[in-house]
Amino acid sequence: MKVINLYYQESEIIQKAIENNRKAQEQIYVKFSPKMLSVCRLYIKDMQLAEDIMITAFMKVFSNLKSFESKGSFEGWIRRIMVNECISFLRTQSKFQTIEFENYKETAISYSDTEFSVEEIQSLIDNLPEGYKLIFNLYAIEGFKHHEIATLLSINEGTSKSQLSHARKLLKEQILKMKKHQNGTE
């Protein structure tokens, strides 16, 4: 009986993909594309467009594999490329606009008593203006700090903080409205 090794170490697959091995590239794509599509979908409302952007970003992943230094997570490296590709797309579409604010108020939202589906939460985020949505996703989902967001988007740190504050305020209003609707008090 011949034993076939069905599992390759990630570093071996990456090395083969660097050498333009199409099977290795396919393995990477199959493994990571579902998660990366959901990352793109966070930033891009239209599913088909999000998929197009994801595919474009995977082309960048494969053309830049040599620059992956194996110091961090490979998935995190791919995710960063996806996020950057989404930001680039939003810039070219002039959909990303921020309003310069230096003063902001931190708003806390308690999610512990909310029971919304993933689709409902995504819908709430999708309803945010593009600038608010982008900064909310970068801060709350991706874990960027305000100074990192400011550098990435070429904005003031205060603008990032203000946009996040406004996004949270709008989300809170939407959540309260949704709760009233669910409870039949609207």
Side-chain angles (χ1 to χ4, degrees), residues 10 14 28-29 31-47 49-62 64-65 67-101 104 106-112 114 116-172 174-175:
E10 191 173 81
I14 293 169
I28 291 170
Y29 181 83
K31 179 177 181 181
F32 294 107
S33 63
K35 285 183 183 177
M36 295 308 129
L37 180 56
S38 65
V39 168
C40 292
R41 177 59 188 84
L42 284 171
Y43 297 91
I44 310 298
K45 193 174 191 174
D46 180 271
M47 182 60 94
L49 195 51
E51 189 173 5
D52 288 347
I53 292 165
M54 179 197 68
I55 291 168
T56 301
F58 263 110
M59 296 302 290
K60 289 184 179 182
V61 165
F62 295 131
N64 291 298
L65 270 175
S67 68
F68 177 66
E69 298 175 355
S70 301
K71 291 183 180 175
S73 153
F74 184 56
E75 181 177 334
W77 182 78
I78 293 173
R79 184 180 184 103
R80 189 150 191 130
I81 292 171
M82 296 293 155
V83 170
N84 287 334
E85 191 63 25
C86 289
I87 291 170
S88 295
F89 172 78
L90 290 171
R91 280 191 176 134
T92 64
Q93 299 299 304
S94 300
K95 291 188 176 188
F96 164 62
Q97 297 174 352
T98 59
I99 301 168
E100 296 288 328
F101 288 106
Y104 75 96
E106 192 69 33
T107 322
I109 303 175
S110 173
Y111 297 103
S112 59
T114 60
F116 299 118
S117 69
V118 172
E119 291 79 17
E120 289 170 323
I121 293 169
Q122 183 64 57
S123 177
L124 292 174
I125 294 171
D126 283 342
N127 288 333
L128 293 172
E130 290 295 332
Y132 293 0
K133 177 179 163 181
L134 177 59
I135 289 173
F136 178 82
N137 284 333
L138 289 171
Y139 184 86
I141 311 245
E142 302 298 335
F144 283 79
K145 304 288 183 222
H146 286 294
H147 70 276
E148 295 170 318
I149 295 169
T151 302
L152 182 65
L153 302 179
S154 302
I155 60 174
N156 294 327
E157 190 172 334
T159 301
S160 175
K161 292 175 181 179
S162 175
Q163 296 280 305
L164 177 64
S165 177
H166 288 290
R168 286 178 169 167
K169 181 181 175 189
L170 285 174
L171 284 172
K172 186 175 183 178
Q174 289 181 35
I175 289 169

**Student:** Name all residues meeting the ring-ring contact (aromatic ring centres under 6.0 Å, His included) criterion together with F68; count only those two or more places apart in sequence or in a different chain, and write none if there are none.
**Tutor:** F74, W77
**Student:** Could you check whether any side-chain N or O of S165 sits under 3.5 Å from a backbone N or O of K161, counting only pairs where one atom can act as donor and the other as acceptor?
**Tutor:**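 Answer holds: no.
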**Student:** Mind checking whether I44 and L90 have side chains closer than 4.5 Å, heavy atoms only?
**Tutor:**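 Heavy-atom side-chain distance check passes, below 4.5 Å.
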**Student:** Between S88 and N84 (side chain of the first, backbone of the second, donor and acceptor by atom type, cut-off under 3.5 Å), is there such a pair?
**Tutor:**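 Looks like yes, one N/O pair under 3.5 Å.
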**Student:** What pairs of residues pass the salt bridge (Lys or Arg N to Asp or Glu O under 4.0 Å) test when at least one of them lies in residues 71-83, not counting sequence neighbours?
**Tutor:**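 Every salt bridge (Lys or Arg N to Asp or Glu O under 4.0 Å) pair that includes a residue of residues 71-83, provided the two are not neighbours, is K35-E75, E69-K71, R79-E142.
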**Student:** Using every non-hydrogen atom in the two residues, find where S160 and I135 come nearest and quote the distance to one decimal.
**Tutor:** O-CG2, 3.5 Å
**Student:** Taking the side chain as C-beta and beyond, is there a heavy-atom pair between Q163 and T159 under 4.5 Å?
**Tutor:** yes
**Student:** Which pair of heavy atoms, one from G143 and one from E148, lies closest together, and at what distance?
**Tutor:**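 Taking G143 first and E148 second, the nearest heavy atoms are O-OE1, 4.4 Å.
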**Student:** Check whether any side-chain heavy atom of Q174 sits under 4.5 Å from a side-chain heavy atom of L128, and report yes or no.
**Tutor:**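 Yes, their side chains come closer than 4.5 Å.
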**Student:** Hey, are the side chains of Y29 and V61 touching, using non-hydrogen atoms and a 4.5 Å cut-off?
**Tutor:**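 Side chain of Y29 against side chain of V61, heavy atoms only: no contact under 4.5 Å found.
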**Student:** When rounded to the nearest 0.5 angstrom, what distance separates OG1 in T151 from NE2 in H146?
**Tutor:**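 It comes to 13.0 Å.
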**Student:** Kindly write out the residues that satisfy side chain to side chain donor-acceptor pair (under 3.5 Å) with Q122, not counting sequence neighbours, or none if the list is empty.
**Tutor:** D126
**Student:** Keeping the roles fixed (side chain from S162, backbone from G158), state whether a donor-acceptor pair exists under 3.5 Å.
**Tutor:**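 Judged by distance alone, no pair lies under 3.5 Å.
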**Student:** In the structure I gave you, are the side-chain heavy atoms of E130 and Q93 within less than 4.5 Å of one another anywhere?
**Tutor:**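 A side-chain contact under 4.5 Å is absent here.
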**Student:** Residues in salt bridge (Lys or Arg N to Asp or Glu O under 4.0 Å) with D46, at least two apart?
**Tutor:**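 Partners of D46 by the salt bridge (Lys or Arg N to Asp or Glu O under 4.0 Å) criterion come out as none, since no residue qualifies.
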**Student:** Considering only heavy atoms from C-beta outward, does the side chain of F136 approach that of L171 to under 4.5 Å?
**Tutor:** yes
**Student:** Is L164 close to I149 at the side-chain level, that is, under 4.5 Å between some pair of heavy atoms?
**Tutor:** no
**Student:** Restricting to non-hydrogen atoms, name the atom on N156 and the atom on A150 that form the minimum distance, rounded to 0.1 Å.
**Tutor:** C-CB, 3.8 Å
**Student:** What residues form a side chain to side chain donor-acceptor pair (under 3.5 Å) with K60, not counting sequence neighbours?
**Tutor:**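 In terms of side chain to side chain donor-acceptor pair (under 3.5 Å), with neighbours along the sequence ignored, K60 is linked to E85.
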**Student:** Between C86 and L42, is any pair of side-chain heavy atoms under 4.5 Å apart?
**Tutor:**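 They are not in contact (no side-chain heavy atoms under 4.5 Å apart), so the answer is no.
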**Student:** Taking only residues two or more places apart in sequence or in another chain, which ones pass salt bridge (Lys or Arg N to Asp or Glu O under 4.0 Å) with K145?
**Tutor:** none
